[in-house]
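Structure first, commentary second.
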Amino acid sequence: MKSMLNIIDLGFSTTSFVFTRMQVLVWVSNGTSLLSLIEKNAGHLLSRMLLEFEPDKPLVVSFKDIVNIDDHALDDVFNCLSSNNRQLIILDGFHLVELMHKLKKDSKANIETDSAFNIIKIGKRVKINFQDIVNERKQIKVNFLKNTIQGTFRKFENEKRLSSTPIITNGEFDSNRILSNPKYFIWTTAFLSDALRDLLDRTQLKKVKLLSASLRGAPFASMLGMLHNLEYETIDHFGPKHKVFEFDFIKKIEKGTSYIYVGDFCFAGTEIKIAKTYTEMKSSRLEHALVIGNLIESEVFKDDFELISLINLNELGTGVTYKLL
Amino acid sequence: MEKIINVGPLKSFGSLTFYLGSQLDELRESYIKGERLVPVWDLRNISPYGVSMSALTAFLSISKRIRDFIGQPIKVLIHWQPDFQEFLADIGFLHIANEFDLYDWQDMLGGYNTGSTNPKTKIFFYSNLPDIDKSDIEEVILWKDTKRQEIKHSIKFRLSNLFESKYFKERWSKNLESILTITAAELVVNSLLHGNDIAFVGVQRSRTGITTVICDSGIGFPKSMMFNNKNAKHFKNITHFQALVLASLQSKNKIGLYRAIDDVISTNGYVIMSSFNTEIRWENKFWTLAKNIENKFNVLGDDNILGEPITGFVDMGRIVEGYHKIFDKSLVGSRITFEIPFKR
């Protein structure tokens, strides 16, 4: 199995553990067609992480959105853990514990469950504070997003006006730098996916479709669609320069569809407001928008839509300045 | 000399067995006697509506076997029904028939459009038989693991059009999808590895669920058990019924075919396994009974371990509970059908 990613790109190291996410390993090793199923290659990749990625620390893996495991998928993992030299801690995978006992076969690896925190521990017995895992995971996400998005900032020689909004700035965040780097794209999508899951669980929306309105938002929307089994539409070209090339979307009346906007960065929210108008022309609605980064506080948009952003761009310390034209 | 074989209406797999069983026996006999009759399929009794996907898939598999044996396309007698031909084209039947040069249509094929129907059925095949040393366990495991992954993704891709419906999306889930792909891949790999034959796969979306059939015209379960087991002598006189039950149950860790059946039953679905003259329908009640057999090898030498087999008509009560049935006639190969119902 060849991958464009190295093992260290597939996880994060903290002071007390290494963290990864099973769906990321599935994506990298088996592609995007069966993202909720662990197959042999994904299991092998997890075993490589156990062997190669800071083996002195426990490996914490989130099984979020994993629904099933194929027969021999965890053979290599249980082989690695049979000598109980390293601990594997599985979060969000309690629904699979019975299946894991079956798939363990003759391996001598210990399997313990902790129903208080819904975690499964396999291999070496090490005491670890669950709250530490929760806290450090939050920090992993913040650090990753900060570093990644800082890297997308490109300073202009002179101040320029933004394409979509009458705002003058000294630089721009270019999400192509996320899209063109597999590690950044995969992990950013994973964090967007968590935010989308929370939104769907909280709102219990019916007839949901994702909507992206720019070429840079489209890859995120399509991946989120695959991850959450949702239909998605991409309109070329709501923004940043508003010139719609394709009208089939608008002509199609779909009463009662709940659109969720997916984009890269939100500055003044112009693209989202245009998208909202278009969906209302279709007798549908757009009440939620999900983006990687925002400039203006989400609170400002609350009468139009709920803006969910992974990070506030003002917190990055890039030296970016914005002022009204 | 030609032998015209009436294929019947193809309304069910039972119907296919009823019509073909004795006629294929006669054909076989003719070759044993050296008469070498040339078969001709008579498809004129097929009504365009109500053709069974399982029967069509099995018919393709049998046709491939016979075409290979006689070394030429099988002559076909049909009515010219462009609508039906369009349906056969859209579900993939004609593509497979052309791929293997199965039939001599006698200029009765044509005049139909393609792509205008929205079939709820798809038929395709997997033909990469393993080129490995089957006595090398490591090599077999590696081949199986690789092939299973490949087939799961291939099935997902091939069925994507079939699954593009709002009705379907609202009633399907990632978990049901994983059960469908894991089960189908397991069965296809078994056909290629143990049946040693091309696996034909038919999938149909109905109002109630997804039905999948995997057919081969291979050596069947008893011979496969003899060839693939170290203790072949135990299986010397094994019947098709015993082989089907043992194949279903014999997994130390309850994986493989055992898990496939168990997973499908857990969705309130069913699995029908058929080999030559025997059919078993695993429904929850019958499957639970089988799982509770203390020593699975007790099945050897006991065709009544799960009760008396049915020999004639199967009533509705037996269908919902599960059964095993012995047909008067047999059809070469193995066929496994499973249905996964939609969420309610």
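These numbers come from a predicted model, not from an experiment. Letters go in sequence order (proteins before strands), and every chain restarts at 1.
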Report summary line: Ranked by heavy-atom pairs below 4.5 Å to chain B, first place among A:Asp75, A:Asp71, A:Leu99, A:Asp65 goes to A:Asp71

**Report entry** Most contacts with chain A, counted as non-hydrogen pairs under 4.5 angstrom, among B:Ala185, B:Ser178, B:Ser173
**Finding:** B:Ser178

Report task. Side chain from CB out, backbone as N, CA, C, O: work out which of these in B:Lys144 comes under 4.5 Å of a heavy atom of chain A, or both, or neither. Result -> neither

Report task. Considering only NZ, NE, NH1 and NH2 on the basic side and carboxylate oxygens on the acidic side, decide whether A:Lys141 and A:Asp194 come within less than 4.0 Å. Result -> no

Query - A:Ile69 versus chain B, the contacting section by heavy-atom distance below 4.5 Å - result: backbone

Requested in this report: Answer yes when B:Arg148 and A:Asp70 have at least one side-chain N-carboxylate O distance shorter than 4.0 Å, and no when they do not.
Outcome: yes

Report summary line: For B:Gln250 and B:Met225, the nearest pair of non-hydrogen atoms, with its separation, is NE2-CE, 3.6 Å

Requested in this report: Would you mind checking which part of B:Ile179 comes under 4.5 Å of any heavy atom in chain A, side chain (CB onward), backbone (N, CA, C, O), both or neither?
Outcome: both

Query raised in the report: Are B:Glu177 and B:Lys174 within salt-bridge range, i.e. N to O under 4.0 Å?
Result: no

Query raised in the report: Any salt bridge between A:Lys276 and A:Glu280, counting N to O under 4.0 Å?
Result: yes

**Report entry** Most contacts with chain B, counted as non-hydrogen pairs under 4.5 angstrom, among A:Leu34, A:Leu37, A:Asn229
**Finding:** A:Leu34

Requested in this report: For the pair B:Trp172 and B:Phe342, name the ring-plane relationship: parallel under 30°, tilted 30 to 60°, perpendicular over 60°.
Outcome: perpendicular

Query raised in the report: With a 4.5 angstrom heavy-atom cut-off, which part of B:Thr181 approaches chain A: side chain, backbone, both or neither?
Result: side chain

